[in-house]
There are 2 protein chains.
Amino acid sequence: MSQSSKPPQSAPVPTSADVARLAGVSRATVSYVLNNAEAVRISEPTRRKVRRAAEELGYVPHAAARSLRAGHTRIVLLPTSHVPIGPLYSAFLNELQWSLRRLDYTVVQYGSLGLSGDEAARAWAELRPVAVISLGEITLSAHNVATLKRAGARAVITMGPVGVPGAHALVLDQSEVGTRAATHLVERGHRRIGVVVPEEEGMELFSTPRLEGARSVAGAVIEPLPMAYTEESAAALAARWPSLGLDAVFAYNDEYAMLLMRALLDEGLRVPEDVAVIGADDLLIGRLLRPRLSTVQIELPTGDHLAELVDRAVREPGEITRRHDLISAVAIRREST
Amino acid sequence: MSQSSKPPQSAPVPTSADVARLAGVSRATVSYVLNNAEAVRISEPTRRKVRRAAEELGYVPHAAARSLRAGHTRIVLLPTSHVPIGPLYSAFLNELQWSLRRLDYTVVQYGSLGLSGDEAARAWAELRPVAVISLGEITLSAHNVATLKRAGARAVITMGPVGVPGAHALVLDQSEVGTRAATHLVERGHRRIGVVVPEEEGMELFSTPRLEGARSVAGAVIEPLPMAYTEESAAALAARWPSLGLDAVFAYNDEYAMLLMRALLDEGLRVPEDVAVIGADDLLIGRLLRPRLSTVQIELPTGDHLAELVDRAVREPGEITRRHDLISAVAIRREST
DNA sequence: TTGAAAGCGATACCAA
DNA sequence: TTGGTATCGCTTTCAA
């Protein structure tokens, strides 16, 4: 919301004053009618006049003016992710938005591509959101959280492997995913386990804890395997597979798993006899390949749940900095392990 | 941005007046310094004082106040889609956002799930965006476009099979995709062609023109096939396949194509001998199945291109209601046809 | 039941 | 070079 340049209004935007003039009443009355003010009684004829005038002019209130006057907004800011999001996460986001709107919040997704934590926090703070839900798209520092709080944010919710001081943390511990995957593989007799680490930027926030989670499993020897989401990269990795001496792989998620499994099969390796493959996120497409892909299924919190948490944080003055464990992960065996 | 409730500020948010007080100057001077006003010369010591004070208080300007004063915003409103978006579209959106930010616009994605066209247009108009880019998430009427324009939107860009009066139309003609797919199949000797129509809500905007495009191809007999994005639905469709008497299918996109092809193979049918399968969107996963999936590749406009179009529409008073054909589609043969 | 007017925060004109 | 001040659109207290 910067200004600088000078696009002049072609036709002036109708204001409440215009409505008042047309209806032959005062601006106060217009406000009362249009906001269904309970505290004050307006005669039915007047109400109708005002509504008709507003209709006729196509009047729409100015959100900025309103929130300036009110001293606060009902904006919940949701940073947009920069990477394609799967159906799972997408459904969660939809539910969250829907629930928040039901609670009378305005959900604004703010694209923060290419912004640092500092820049992003400032840009967000300018909008004076009442809450910010940062699901890992940007890494927020304690200082950033402070900036947002100082700008009136009553809840700053972060989701990630580690809580940020001052923020309401939802410890969605991705390491649990890695732990489940590695445990599953170890239980099935595998020891030397590769863990795919996406080379794409911006995925460290998920890939690092998943790797660490796998590392934490006793009895497993973990080998990180950088790989990009391209057929070439997968083929290259598959080509040097025999030299790696691994008997299983946790491939970050189902998409990378499918890519790698395809390349391994094309290389003449047998799955799961020569190498067991497990993904994560339980995508539908994982069931379409043969052998069917084993996976780690993640239970996201319901959007409703998170929305209510936000709402509570907004209205309660007392800080609820409790940590909520909202993830549960479970390995599902299909045919690739 | 509604208000109603009453969350009282715990600590008051610092304003430019606070900065002025701390720096021992007037608010005007603060504004000049912080906005690097060219028209006015401020001494270096004063500048430093002001900057230090702003820093110390953690001052962040209030976007609402600023745009109220300015009489316009630099907000570009981008309705959020309600369905999971593929990597293709996701990359396009990222590029668009990035390009718009480079042009100094604030990109706000607005979730409009469950809102009618009228409700959505009103809600958007309250934010007084300078431009709206509706890529088909919500069907806008001419009246809705008028509402937005009256609220100061200088560009309303719609993308869909048909232009909306008053809006800048980007005729991204999805029917071309259907045409290419059916043509490809006909050229390879198929006549009786099924066209998968997703049962999921909100996809009509794409699925209908794709179906119609296929229908327009001479020499093809088209059979619409409703199907949901589940294994069960695909299996049910595959089970009654022999009774349909079809020798090819255009499966809406690669994801539905993969699902259906898997089910057809499991049913004992041979692809492409018994039935040819073609998808659309050229997703990477389409190459992982065997046989490899033929597809229709779509060229989306670059985000940069669209961003510049928006920028031009915003600064030019004259309406550019030219229609821009921004799609090109081409069939790619792999192994499934 | 309705109206007049103050004030939210930032900017830019006009004076000093 | 800096400061005072009117203004943007809206809500709400206080009076009438």
With nearest nucleotides of DNA chain D determined for B/Ser26 and B/Ala65 from heavy-atom distances, which residue corresponds to the more 5′ nucleotide? B/Ser26
Heavy-atom donor-acceptor pair, B/Arg69 side-chain to D/dT7 base, under 3.5 Å: yes
Distance-minimising heavy-atom pair for B/Leu127 and A/Ala63: CD2-CB, 4.1 Å
Side chain to side chain contact (heavy atoms under 4.5 Å, CB included) evaluation trace for A/Thr106 with A/Thr73: CA-CA 9 Å; A/Thr106 296; A/Thr73 71; over 6 Å; no
Measuring from the side chain of B/Asn35 (C-beta onward, heavy atoms only), which nucleotide among D/dG9, D/dT11, C/dT11 has the closest atom? C/dT11
Among D/dG9, D/dG3, C/dT2, the one nearest any side-chain atom of A/Leu68 is D/dG9
Give the nucleotide from the list D/dT2, D/dC10, C/dG9 with an atom nearest to the side chain of B/Arg128. D/dC10
Calculate the interatomic distance between B/Arg66 atom CZ and C/dC8 atom C1'; express it in whole Å. 16 Å
Distance-only, no hydrogens or angles: does the B/Ser112 side chain make a donor-acceptor pair with backbone N or O of B/Tyr110 under 3.5 Å? yes
Can you check side chain to side chain contact (heavy atoms under 4.5 Å, CB included) on A/Arg52 and A/Leu22, steps first, answer last? CA-CA 9 Å; A/Arg52 275 222 322 128; A/Leu22 181 58; over 6 Å; no
If an axis is fit to five pairs at each end of the helix from C/dT1-D/dA16 to C/dA16-D/dT1, what is the angle between the two, to the nearest 10°? 50°
May I ask you to say what A/Val40 touches in the nucleic acid, namely base, sugar-phosphate or nothing, with a heavy-atom cut-off under 4.0 Å? base
A/Glu38 CD - D/dT12 C1' separation (whole Å): 15 Å
Would you please confirm or rule out a distance under 4.0 Å between OP1 or OP2 of C/dT2 and any side-chain N or O of A/Ser43? yes
Under 3.5 Å, is there a donor-acceptor pair between the B/Asn144 and B/Ser141 side chains? yes
A/Ser67 side-chain N/O to D/dC10 phosphate OP1/OP2 under 4.0 Å: no
Rounded to whole angstroms, how far apart are CZ on B/Arg48 and P on D/dT2? 12 Å
Only one of A/Leu115, A/Val132, A/Thr147, A/Val108 passes side-chain contact (heavy atoms from CB on, under 4.5 Å) with A/Trp124, and that residue is A/Val132
May I have the distance from B/Arg27 (atom CZ) to D/dA6 (atom P), rounded to whole angstrom? 12 Å
Within the distance-only criterion (no hydrogens, no angle test), does the side chain of B/Glu95 pair as donor or acceptor with the backbone N or O of B/Gly303 below 3.5 angstrom? yes
Looking at C/dA4, C/dT11, D/dG3, which one has an atom nearest to any side-chain atom of B/Val25? D/dG3
Between the side-chain atoms of A/Tyr32 and the base atoms of D/dC10, is any donor-acceptor pair under 3.5 Å? no
Could you state the atom-to-atom distance from CZ of B/Arg21 to P of D/dT2 in whole Å? 19 Å
Base, sugar-phosphate, or nothing for A/Thr29, non-hydrogen atoms under 4.0 angstrom? sugar-phosphate
Is A/Ser31 near enough to D/dT11 that one of its side-chain N or O atoms lies under 4.0 angstrom from OP1 or OP2? yes
Between C/dG9 and B/Ser16, is there an OP1 or OP2 to side-chain N/O distance shorter than 4.0 Å? no
To the nearest angstrom, the CG-P distance between B/Asp18 and C/dG9 comes to 8 Å
B/Ile42 CD1 to D/dG3 C1', in whole Å, measures 10 Å
Short N-O contact, B/Asp311 and B/Arg315, less than 4.0 angstrom: yes
In whole angstroms, the gap separating C1' of C/dA10 from CG of A/Leu127 amounts to 15 Å
